[in-house]
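Written below as C-alpha coordinates is the structure these notes are about.
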Amino acid sequence: MHQPAPPQRSERLQSLHHFIVERYPRAQLSLKYKMPTYEVDKGWVAIANQKNYVSLYTCAREHIQPYIDSHPKVKCGTGCLNFRDGDEIAWADLEPVLASAFSKGH
(Lines give C-alpha, C1' and ligand atoms only; values in the text may rest on other atoms or scores of the structure.)
Protein backbone atom coordinates (compact mmCIF):
# COMPACT_ATOMS: atom_id res chain seq x y z
CA MET A 1 0.00 0.00 0.00
CA HIS A 2 1.30 3.46 -0.92
CA GLN A 3 2.20 5.67 2.04
CA PRO A 4 1.72 9.43 1.71
CA ALA A 5 4.84 11.57 1.82
CA PRO A 6 5.69 13.14 5.18
CA PRO A 7 4.89 16.89 5.29
CA GLN A 8 8.47 18.09 4.68
CA ARG A 9 8.90 15.79 1.68
CA SER A 10 5.48 16.71 0.33
CA GLU A 11 6.51 20.38 0.49
CA ARG A 12 9.72 19.57 -1.38
CA LEU A 13 7.80 17.75 -4.09
CA GLN A 14 5.47 20.74 -4.44
CA SER A 15 8.46 23.09 -4.54
CA LEU A 16 10.09 21.03 -7.30
CA HIS A 17 6.80 20.97 -9.23
CA HIS A 18 6.40 24.75 -9.00
CA PHE A 19 10.07 25.32 -9.86
CA ILE A 20 9.64 23.31 -13.07
CA VAL A 21 6.30 24.73 -14.23
CA GLU A 22 7.28 28.33 -13.46
CA ARG A 23 10.30 28.00 -15.75
CA TYR A 24 8.66 25.76 -18.34
CA PRO A 25 4.96 26.65 -18.42
CA ARG A 26 4.44 24.78 -21.69
CA ALA A 27 5.75 21.52 -20.21
CA GLN A 28 3.26 18.69 -20.65
CA LEU A 29 2.57 16.97 -17.34
CA SER A 30 1.74 13.27 -17.28
CA LEU A 31 2.26 10.23 -15.07
CA LYS A 32 4.87 7.79 -16.29
CA TYR A 33 6.00 4.92 -14.09
CA LYS A 34 3.71 6.45 -11.41
CA MET A 35 5.83 9.64 -11.34
CA PRO A 36 4.85 13.18 -12.37
CA THR A 37 6.74 13.62 -15.64
CA TYR A 38 7.26 16.94 -17.42
CA GLU A 39 7.93 16.91 -21.16
CA VAL A 40 9.15 19.72 -23.39
CA ASP A 41 9.66 18.69 -27.01
CA LYS A 42 11.72 15.47 -26.80
CA GLY A 43 13.22 16.16 -23.36
CA TRP A 44 11.77 15.30 -19.98
CA VAL A 45 12.27 15.27 -16.22
CA ALA A 46 10.31 13.45 -13.52
CA ILE A 47 10.01 13.78 -9.76
CA ALA A 48 9.34 11.11 -7.16
CA ASN A 49 8.98 10.53 -3.45
CA GLN A 50 11.37 7.91 -2.10
CA LYS A 51 11.77 6.56 1.43
CA ASN A 52 14.21 9.22 2.66
CA TYR A 53 14.44 11.70 -0.19
CA VAL A 54 12.85 13.20 -3.28
CA SER A 55 14.32 12.47 -6.69
CA LEU A 56 14.64 14.49 -9.86
CA TYR A 57 15.08 12.11 -12.79
CA THR A 58 16.64 13.15 -16.10
CA CYS A 59 17.81 9.79 -17.52
CA ALA A 60 21.34 10.98 -18.38
CA ARG A 61 24.39 11.82 -16.30
CA GLU A 62 25.30 14.70 -18.62
CA HIS A 63 22.22 16.62 -17.43
CA ILE A 64 23.03 16.37 -13.72
CA GLN A 65 26.84 16.47 -13.83
CA PRO A 66 27.16 20.28 -13.43
CA TYR A 67 25.01 20.09 -10.27
CA ILE A 68 27.13 17.22 -8.92
CA ASP A 69 30.33 19.14 -9.69
CA SER A 70 29.06 22.10 -7.65
CA HIS A 71 27.55 19.94 -4.89
CA PRO A 72 29.68 16.80 -4.58
CA LYS A 73 27.87 15.57 -1.45
CA VAL A 74 24.50 15.29 -3.23
CA LYS A 75 23.19 11.74 -3.47
CA CYS A 76 22.69 10.76 -7.09
CA GLY A 77 22.10 7.93 -9.51
CA THR A 78 23.06 7.58 -13.14
CA GLY A 79 20.67 10.29 -14.29
CA CYS A 80 18.95 11.47 -11.13
CA LEU A 81 19.53 13.75 -8.17
CA ASN A 82 18.28 12.52 -4.79
CA PHE A 83 17.63 15.24 -2.25
CA ARG A 84 17.66 13.73 1.24
CA ASP A 85 15.29 15.19 3.78
CA GLY A 86 18.02 17.29 5.41
CA ASP A 87 19.73 18.43 2.19
CA GLU A 88 19.54 21.97 0.94
CA ILE A 89 18.44 22.28 -2.68
CA ALA A 90 20.51 24.78 -4.67
CA TRP A 91 17.64 26.02 -6.81
CA ALA A 92 19.71 28.25 -9.10
CA ASP A 93 21.98 25.29 -9.87
CA LEU A 94 18.97 23.20 -10.90
CA GLU A 95 18.13 25.57 -13.76
CA PRO A 96 20.94 24.26 -16.03
CA VAL A 97 19.89 20.68 -15.18
CA LEU A 98 16.38 21.38 -16.45
CA ALA A 99 17.63 23.30 -19.48
CA SER A 100 19.88 20.40 -20.47
CA ALA A 101 17.25 17.71 -19.87
CA PHE A 102 14.55 19.59 -21.79
CA SER A 103 16.80 20.53 -24.69
CA LYS A 104 17.79 16.99 -25.65
CA GLY A 105 15.96 13.84 -26.45
CA HIS A 106 16.84 10.86 -24.30
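Numbering of residues begins at 1 and proceeds along the displayed sequence.
- In terms of hydrophobic clustering, with Ile, Leu, Val, Met, Phe, Trp and Tyr side chains grouped at heavy-atom distances under 4.5 Å, Leu31 and Ile20 are assigned to different clusters.
- Atom CD of Glu95 is surrounded by more than 12 heavy atoms from other residues, nucleotides or ligands within 6.0 Å.
- Not less than 6.0 angstrom separates the ring centroid of Tyr24 from the ring centroid of Tyr38.
- Across every non-hydrogen atom of Gln50 and Arg9, the tightest pair is O-NH1, 3.0 Å.
- Ile68 is linked by a side-chain contact (heavy atoms from CB on, under 4.5 Å) to Arg61, Ile64, Gln65, Val74, Cys76, Leu81, counting only residues two or more places apart in sequence or in another chain.
- In this structure the side chain of Thr58 never reaches within 4.5 angstrom of the side chain of Phe102, judged on heavy atoms.
- Note that CG of Asp93 is 10.5 Å distant from CG of Asp69, once rounded to the nearest 0.5 Å.
- Under the 4.5 Å side-chain heavy-atom criterion for Ile, Leu, Val, Met, Phe, Trp and Tyr, Ile47 and Tyr53 are members of distinct hydrophobic clusters.
- Remark: the backbone N or O of Tyr67 is not paired with any side-chain donor or acceptor of Ser70 at under 3.5 angstrom.
- Each of Arg26, Lys32, Gln28 was checked for a side chain to side chain donor-acceptor pair (under 3.5 Å) with Glu39, and the lone residue meeting it is Lys32.
- At a threshold of 4.5 Å between non-hydrogen side-chain atoms, the residues Leu29 and His17 count as touching.
- Separating the CH2 atom in Trp44 from the CG atom in Leu98 is a distance of 12.5 Å, to the nearest 0.5 Å.
- You'll find the side chain of Leu94 reaches within 4.5 Å of the side chain of Ile89, heavy atoms only.
- Between the side chain of Arg12 and the main chain of Gln8, no donor-acceptor pair closer than 3.5 Å is present.
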